[in-house]
There are 2 protein chains.
Amino acid sequence: MSVAPKRPKGPPLNAMRAFEAAARHVSFVAAAEELNVTPGAISQHVKALEGWAGTPLFRRNAQGVELTREGQLLIADFNEAFDRLADAARALRNLQPKAEFHIAALPAVAQLWLPKRLRRIRAQLPNINFSVTALETPPSLSRELFDLSIFFALPDGSPNQIVVCEDEITPVCAPTVLLRAQRPNGFQDVPLLHDQTWKGDWPKWLQSNGFHMRDENSGPQFSLYSLAVEEAKAGAGILMGHLCLIEDDIASGSLTAVNTQSCPTGLSLVIQLPRQSRRRPETDRVVSLLSS
Amino acid sequence: MSVAPKRPKGPPLNAMRAFEAAARHVSFVAAAEELNVTPGAISQHVKALEGWAGTPLFRRNAQGVELTREGQLLIADFNEAFDRLADAARALRNLQPKAEFHIAALPAVAQLWLPKRLRRIRAQLPNINFSVTALETPPSLSRELFDLSIFFALPDGSPNQIVVCEDEITPVCAPTVLLRAQRPNGFQDVPLLHDQTWKGDWPKWLQSNGFHMRDENSGPQFSLYSLAVEEAKAGAGILMGHLCLIEDDIASGSLTAVNTQSCPTGLSLVIQLPRQSRRRPETDRVVSLLSS
DNA sequence: TTTCTTGGCGTAGAAAAACTATGGCTAGTA
DNA sequence: TACTAGCCATAGTTTTTCTACGCCAAGAAA
């Protein structure tokens with residue numbers, strides 16, 4: 001008779017977390033990004049968990065993973081559990097006497113929109129330590145420890161969202177380039193500046209205004225919108241300007257609209273909050289200062 | 001402006017688990033036992049968590065810990081979260097094709113009561129791998145991965161409990177000792193055998209039968225009841241017998257009751273199951289074989 | 001008193017886990 | 001025929017976690 005000397009060991013917690021993230025994103029890479037590790041680590045964790053369970057949880061295809069039937073069965077439970085755990089962690093963190101306030105934002109927003117407002121807020125709330133994390137995609141506020149996020153998104157009318165402004169685009173350039181740009185063939189002659197994460201901007205604007213262009217994708221590419229803005233200010237070409245991000249540059253005259261036709265992208269700049277019960281007490285204060 | 005390069009890191013999962021266990025038991029030692037580590041490890045985890053949170057969660061007194069107000073606030077959340085997680089882990093394990101069936105039992109039960117039945121069960125269910133863990137105190141079935149536990153307890157009428165029999169005690173001894181034991185002063189002359197975890201047995205029985213003894217605690221002590229039973233069978237003295245554990249020895253005549261006065265301890269031998277939805281499919285089968 | 005027991009702390013070193021870096025593979029895409 | 005996106009596997013390193021052990025304080029027992 002085999003008397004096990006030890007209590008049966010549960011699966012490793014970290015492996016479960018990795019599985020949960022991978023299942024939620026249906027991607028090891030995305031999970032790795034969320035957990036701030038390499039995809040290899042996720043792979044190992046998932047494998048460990050599959051080993052523990054004795055059954056595969058993912059089907060690995062060359063172009064991505066998908067959950068097996070077994071995996072499907074589990075994901076709801078794990079989601080729920082880690083949601084609760086995230087709640088608990090948030091509660092834990094919220095009793096920290098010295099407040100840390102975490103903001104997630106699109107890189108462009110973090111660099112162009114936030115700084116001015118954050119300076120003001122810091123002046124008003126000197127006891128809070130703000131930190132800003134630039135992310136390409138909005139994090140899950142119920143899972144990660146951000147106190148608010150600012151991204152371009154489709155408002156869904158939830159009370160946890162505050163719409164700051166509609167996203168509107170129009171071509172802009174430095175005043176020194178304006179005359180050239182406004183000539184009949186301006187868009188052909190002056191380089192168009194592109195942001196890699198907003199590849200669709202030029203086509204969208206051109207189409208919405210009935211223009212056609214041979215080569216709407218030509219011109220320098222920038223990995224950060226703020227770089228493109230700097231180049232535009234330096235006179236390097238015409239940039240598709242997101243009005244809410246460059247309002248100061250327009251006001252100060254370092255950028256001017258090439259013409260008056262602007263076009264809404266359909267998205268809005270949206271401040272997203274965790275649900276009421278999990279917010280830091282300072283949140284409302286910060287939001288009202290941010291959006292004023 | 002401080003742009004944090006990384007997403008805010010949540011607290012370490014293992015530290016949270018350690019805290020949860022420590023908070024639930026209000027004891028580092030008990031938590032350590034549950035998690036199969038040394039108390040030092042728990043201490044470190046809790047300290048790490050307190051460091052992360054920036055606030056103490058436990059008040060350490062020389063004779064044990066107690067939760068601070070902050071700790072009190074958190075325990076419910078953490079309990080909930082880890083319950084869910086345990087559920088998920090159980091679900092995960094339950095899809096293992098090759099079944100492992102974990103039983104927790106009091107050492108005495110594991111050694112004296114289980115083996116016979118388990119042999120029968122193994123014969124009936126040859127594909128299941130049974131493992132038995134001997135524990136002094138019943139584990140939480142909603143938290144640990146046991147499929148059932150067998151302990152002496154007060155039945156609470158829940159449908160997750162099956163009462164096997166009432167616990168009844170009466171002095172027993174080897175036939176060779178019987179005559180000496182039954183003499184008027186038998187209990188004085190023949191050594192009384194004691195089990196350390198059931199110190200109260202002799203006093204209880206004596207009292208319930210109106211006897212008084214100068215020295216009811218004298219005699220050899222055993223750390224395991226099964227050792228005491230062996231000694232009794234070898235003629236070393238009179239043992240307070242728990243009838244349901246020694247029925248075979250009585251039936252075979254290797255032990256006999258000194259007199260016929262038995263006394264219920266108020267407890268019963270109880271099979272405890274996890275709640276319905278978390279059970280292994282084989283559970284009902286095992287239970288019916290166990291209690292038949 | 002003094003001594004023992006219980007339950008906590010702290011630290012050093014050992015053991016285990018987790019992570020990264022790298023190269024390789026496959027299937028869609030250009 | 002490349003090229004890209006995603007996943008895998010492995011080796012080696014870094015980090016975490018655990019144990020072992022000595023210490024201390026408070027209450028219980030002698």
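In this text, all values refer to a predicted model and were calculated from it rather than measured experimentally. Chain letters run A, B, ... following the sequence lines, proteins first and then strands; every chain starts at 1.
- Under 4.0 angstrom from either OP1 or OP2 of D:dG6 there lies no side-chain N or O belonging to A:R60.
- With rounding to whole Å, A:H25 atom NE2 is found 13 Å from D:dG6 atom P.
- Within the 4.0 Å cut-off from OP1 or OP2 of D:dT16, not a single side-chain nitrogen or oxygen of B:H45 is found.
- Residue A:S43 has a polar side-chain atom (N or O) positioned under 4.0 Å from OP1 or OP2 of D:dC8.
- The nucleotide whose nearest atom lies closest to any side-chain atom of A:V29 is, among D:dG6, D:dA11, C:dG8, D:dG6.
- Residue B:S27 has its side chain nearest to C:dG8 when only C:dC19, D:dC7, C:dG8 are considered.
- Straight-line distance from the CD atom of A:Q44 to the P atom of D:dG12: 14 Å, rounded to whole Å.
- Of the candidates C:dA18, C:dT20, D:dC18, C:dT20 carries the atom nearest the A:V37 side chain, counting heavy atoms from C-beta on.
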**Report entry** Steps toward side chain to side chain contact (heavy atoms under 4.5 Å, CB included) verdict (A:L85, B:F82)
**Finding:** CA-CA 7 Å; A:L85 205 53; B:F82 279 99; 3.6 Å; yes
Report task. Could you walk me through whether A:V46 and A:V65 pass the side chain to side chain contact (heavy atoms under 4.5 Å, CB included) test, one step at a time? Result -> CA-CA 12 Å; A:V46 171; A:V65 288; over 6 Å; no
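- Atom pair A:I42:CD1 and C:dT20:C1' shows a separation of 13 Å (rounding to whole Å applied).
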Requested in this report: Given salt bridge (charged side-chain N to carboxylate O under 4.0 Å, His left out), test B:R60 with B:E66 step by step and report yes or no.
Outcome: CA-CA 7 Å; B:R60 278 86 164 168; B:E66 58 183 330; over 6 Å; no
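- Using a 4.5 Å cut-off on side-chain heavy atoms (C-beta onward), A:N14 and B:N14 make contact.
- Rounded to an integer number of Å, the gap from A:E50 CD to D:dC7 C1' is 12 Å.
- Close to D:dA9, at under 4.0 Å from its OP1 or OP2, lies a side-chain N or O of A:K47.
- In this structure, B:E20 pairs ionically with B:R143, as a charged nitrogen and a carboxylate oxygen lie closer than 4.0 Å.
- A straight line from CG of B:N36 to C1' of C:dA16 spans 15 Å, rounded to a whole angstrom.
- Side-chain N/O atoms of B:N61 include none lying less than 4.0 angstrom from OP1 or OP2 on C:dG7.
- Rounded to an integer number of Å, the gap from A:K9 NZ to D:dC18 C1' is 13 Å.
- Atom pair A:E33:CD and C:dC19:P shows a separation of 16 Å (rounding to whole Å applied).
- With rounding to whole Å, A:F58 atom CZ is found 14 Å from D:dC8 atom C1'.
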